[in-house]
Amino acid sequence: MQRGIPTVLTSEELMDKAFGRASKISKRGPTSVDGRRLTALARITASGDIVTSTLSGYVQRFPRVDKKDDFFPQLVDLVIGLDEYKKSLGALNWAAGRVDRLKNETLREIRRSKDVAYIESARRGFYGRMTSYLKQISGDLLFLQDAKNKFRQFPTVRPNVPTVVIAGFPNVGKSSLMRELSTATPEIAPYPFTTKGIVIGHIEDGWHKYQIIDTPGLLDRSFEDRNDIEKQAVLALRYLTNVMVFMLDPSESCGYSMEKQNALLKSVKEGFAGVDIIVVESKSDIIKTDSGNLHFSAHTGENLEELRNIILNKLRNMAAVGNE
Ligand SMILES: Nc1nc2c(ncn2[C@@H]2O[C@H](COP(=O)(O)OP(=O)(O)OP(=O)(O)O)[C@@H](O)[C@H]2O)c(=O)[nH]1
Ligand SMILES: [Mg+2]
């Protein structure tokens, strides 16, 4: 989604580009007045078209964000600011429309004129007013160039592919399970709220490919321990998550007591209300409990196939319900 966003020129750079290109144009006509008129027409057309096509190109190539209650818009809102983002794109659209109209009006005036002084003043007037439109959107252009850089930190997840997210304290065995279930080596993609990135793998049932995601640093701490931005970052994930595997490590070799782990589970349940959460217990080669939760071991492979099938069944149902 962040591919193909162009570098956004500043208003000065855009003016230099437009006027620079225009100033190279020179036309001849049957008379000197005709030559002047043709040159003015061509320069106005060229500079106006460069500005409008550049601005409309930005508007088209920046990601569209319409509805707010989804993963991508939530991230845009958090990292970039949704209202400001929409406002800036709207301002570019506005300026492109204004410049295009001004261009057509000026061309019409000049075509009718035989007065060299009038032609020159109309052209200068066009340059001046176009410059003023561009100055009015200079803040929006800077904002969008900054947004372009921020889009680079967005993970390349596919929001419409059914997704299972793995949660649990550090060291409970999340990465080990990811490795066992993923069909290829999981990829680490940037995520604006954790230096560790999010880990994206795929899990397949022979027909379909689903996403399996580990979020180091995001779902391994209680909700209450987070600042507002982190809370929102976690909630953005909520939109991506169809199924969650919450992992408890009853051996406590991860360094967290079961009491702490259960408290985290409770907090995550609250944050992910409505999400189907599969609670599992890892490291069954060390210890098994009689809690009734599915236990498995990434080391011996105990119950790994069972867990894979439970996950796949749920994801398949999601795909059927969500018709995505
Ligand atoms: N005995 C045993 N150890 C395991 C098992 N799975 C993982 N471990 C060990 O537990 C430790 C943590 O495993 P990871 O898979 O890295 O845990 P994690 O939850 O991804 O940890 P973070 O990335 O730090 O959040 C490692 O030393 C693993 O070897 C298992 O099934 N049995
Ligand atoms: Mg890990």
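Whatever order the structure lists ligands and atoms in, that order sets their numbers, starting from 1. Since this is a predicted model, take the numbers as computed values, not measurements.
With respect to the salt-bridge test (charged N to carboxylate O, under 4.0 angstrom), the residues Lys17 and Glu13 do not qualify. A salt bridge links Lys288 to Glu302: one of the charged nitrogens lies within less than 4.0 Å of a carboxylate oxygen. Taking the charged nitrogens against the carboxylate oxygens, Arg108 and Glu105 have no contact shorter than 4.0 Å, which rules out a salt bridge. Salt bridge annotation for Lys87-Asp83: absent, with no cationic side-chain nitrogen under 4.0 angstrom from a carboxylate oxygen. Between Lys103 and Asp49, at least one side-chain N (NZ, or NE/NH1/NH2) sits under 4.0 Å from a carboxylate O, which counts as a salt bridge.
Aromatic ring centres of Phe72 and Tyr239 lie farther apart than the 6.0 Å criterion allows. Phe169 and Phe246 have their aromatic ring centers separated by at least 6.0 angstrom.
Distances shorter than 2.8 Å separate the Mg ion (ligand 2) from the protein N/O/S atoms Ser175 OG.
Both the sub-6.0 Å distance and the 45° axial angle are satisfied by Arg123 relative to the ring of Tyr127.
Side-chain polar atoms of Ser253 and Lys283 form a donor-acceptor pair below 3.5 angstrom.
Protein residues having a heavy atom under 4.0 Å from any atom of ligand 1 are Phe169, Pro170, Asn171, Val172, Gly173, Lys174, Ser175, Ser176, Lys283, Asp285, Ile286, Ser297, Ala298, His299, listed by chain and number.
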